Amino acid sequence: MMAANEQKPLRVSLRRGLYLILTEPRDGYETLCRWAVEAGLPSVQLRYKGHDEREHLALTHALRRITKGTGTLFIVNDRPDIALITQADGVHLGQDDLPAAEARQLIGPDMLLGLSTHNQEQVAAANDAPVDYIGFGPLFATNSKERPDPVTGPNALKAALAISRHPVVAIGGLNLARIKQLYARPHNAAVIRAVSDAPNPLAAMRAIHAACLDMEL
């Protein structure tokens with residue numbers, strides 16, 4: 001029970017800017033995560049593709065230690081259990097993962113909950129789900145998944161923004177040039193390879209984050 005003069009921590013929220021996803025980065029997960037904190041990114045999501053549960057958990061603990069107490073939120077992909085164990089800031093679900101309502105019951109009211117959407121029907125359905133933001137895409141072709149979802153094209157982003165009651169994170173094949181050319185302005189833009197494969201990932205983070213912040217709502 002909280003003391004009478006003890007204030008409950010404020011619920012975290014996703015700031016605008018670059019939503020960085022880490023999937024087998026060339027320079028290592030921990031290095032990229034430290035650079036993300038240095039660049040002042042609003043969030044880092046761990047998207048672990050291996051099958052070693054102990055490695056997954058250890059890596060999640062490591063990234064949580066790097067981000068804890070900073071302005072960069074740490075979000076775990078797919079796994080509410082690992083997010084809870086490591087006290088992450090949030091968890092992101094796909095359409096084939098645990099339903100959002102059940103995940104919310106598990107993680108409680110204060111942890112961020114994101115949900116991937118790939119068409120207008122899924123965006124509309126997410127309006128009634130207990131989520132804090134949605135991902136929408138892929139806007140462009142991407143090789144980050146073995147079985148990628150159908151490309152929506154950037155034009156579909158405008159329609160998604162028009163009907164979504166949640167902040168929208170645009171995703172899928174995005175890079176600095178494509179983000180600058182978007183005429184529909186999402187809350188965040190998510191990238192993987194545009195940062196992790198860049199000659200200077202920290203410089204790429206800063207440039208893409210600045211471009212995201214320059215997008216007018």
Side-chain angles (χ1 to χ4, degrees), residues 14 16-29 32-33 35-36 39 41-51 75-79 91-97 114-126 131 133-164 166-216:
L14 181 62
R16 291 183 62 228
L18 170 58
Y19 185 111
L20 181 63
I21 300 174
L22 298 182
T23 300
E24 299 178 345
R26 178 194 62 218
D27 295 295
Y29 286 98
L32 266 290
C33 190
W35 286 341
L41 301 191
S43 60
V44 169
Q45 182 194 120
L46 171 61
R47 184 170 171 265
Y48 177 77
K49 296 174 66 177
H51 302 287
I75 297 171
V76 176
N77 191 55
D78 292 347
R79 296 292 297 273
V91 62
H92 187 87
L93 301 174
Q95 288 289 319
D96 296 327
D97 294 325
L115 177 66
S116 292
T117 62
H118 311 295
N119 55 54
Q120 305 308 313
E121 291 75 17
Q122 292 174 358
V123 173
V131 301
Y133 67 94
I134 63 168
F136 182 77
L139 302 190
F140 300 92
T142 175
N143 60 3
S144 64
K145 291 185 177 182
E146 292 182 3
R147 296 183 296 275
D149 296 284
V151 173
T152 66
N155 291 340
L157 177 60
K158 183 177 181 180
L161 289 167
I163 64 175
S164 178
H166 304 296
V168 176
V169 179
I171 190 169
L174 290 170
N175 54 33
L176 180 60
R178 286 173 170 172
I179 289 169
K180 287 183 175 180
Q181 292 170 1
L182 289 177
Y183 58 86
R185 304 307 189 186
H187 191 75
N188 300 80
V191 306
I192 301 176
R193 300 302 174 196
V195 164
S196 64
D197 290 351
N200 186 332
L202 177 56
M205 288 182 202
R206 287 173 167 158
I208 296 173
H209 181 49
C212 292
L213 293 178
D214 284 343
M215 293 190 299
E216 297 180 1

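Quick caveat, the model's predicted, so the values are computed rather than measured.
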Original post:
Less than 4.5 Å apart, any side-chain heavy atom of N77 and any of T23?
Top reply: no
Original post:
Do the non-hydrogen side-chain atoms of R47 and I192 ever get within less than 4.5 Å of each other?
Top reply: yes
Original post:
Just wondering, do S196 and L22 contact through their side chains at under 4.5 Å, heavy atoms?
Top reply: no
Original post:
Roughly how far apart are L18 CG and L41 CG, rounded to 0.5 Å?
Top reply: 5.0 Å
Original post:
With side chains defined as the heavy atoms from C-beta onward, is the minimum distance between L93 and V131 less than 4.5 Å?
Top reply: no
Subject >> Of V168, L161, T117, the residue whose pairing with V123 passes side chain to side chain contact (heavy atoms under 4.5 Å, CB included) >> reply: T117
Original post:
Looking at CG of N188 and CG of L174, how far apart are the two atoms once the value is rounded to the nearest 0.5 Å?
Top reply: 11.5 Å
Subject >> Flag side-chain contact, heavy atom, 4.5 Å: L157 against R185 >> reply: no
**OP:** Would you sort out whether H92 and S116 count as a side chain to side chain contact (heavy atoms under 4.5 Å, CB included), showing the intermediate values?
**Re:** CA-CA 8 Å; H92 187 87; S116 292; 2.8 Å; yes
Subject >> Minimum heavy-atom distance between I75 and S43, given as atom pair plus value >> reply: CD1-CB, 4.2 Å
Original post:
With distance as the sole test, does H209 use its side chain to make a donor-acceptor pair with the main-chain N or O of G17 at under 3.5 Å?
Top reply: no
Subject >> Heavy-atom closest contact (A194 atom, A204 atom, distance) >> reply: O-CB, 3.8 Å
Original post:
If every non-hydrogen atom of V44 is compared with every non-hydrogen atom of A36, which pair is closest and at what distance?
Top reply: CG2-CB, 3.4 Å
**OP:** Check each of V191, L139, D214 against I179 using the side chain to side chain contact (heavy atoms under 4.5 Å, CB included) test, and report the only one that passes.
**Re:** V191
Original post:
Side-chain contact, heavy-atom cut-off 4.5 Å: Y48 with E24?
Top reply: no
Original post:
Is there a side-chain contact between Y133 and H187, using heavy atoms and a 4.5 Å cut-off?
Top reply: no
Subject >> Exercise: do T152 and H118 side chains pair donor with acceptor under 3.5 Å >> reply: no
Subject >> Closest heavy-atom pair and its distance - T142, G173 >> reply: CB-N, 3.9 Å
**OP:** First locate atom CD of Q120, then atom OG of S164, and finally report the distance between them rounded to the nearest 0.5 Å.
**Re:** 10.0 Å
**OP:** Mind checking the CG-CZ spacing from D97 to R79? Nearest 0.5 Å is all I need.
**Re:** 10.0 Å
**OP:** Would you name the heavy atoms of A126 and I134 that are closest together and state the gap between them?
**Re:** CB-CG2, 3.8 Å
Original post:
Considering residues at least two apart in sequence or located in another chain, which fulfil the side chain to side chain contact (heavy atoms under 4.5 Å, CB included) criterion with P201?
Top reply: R26, D27, L32, W35, V195
Original post:
What are the two closest heavy atoms between A39 and R206, and how far apart are they?
Top reply: CB-CG, 3.9 Å
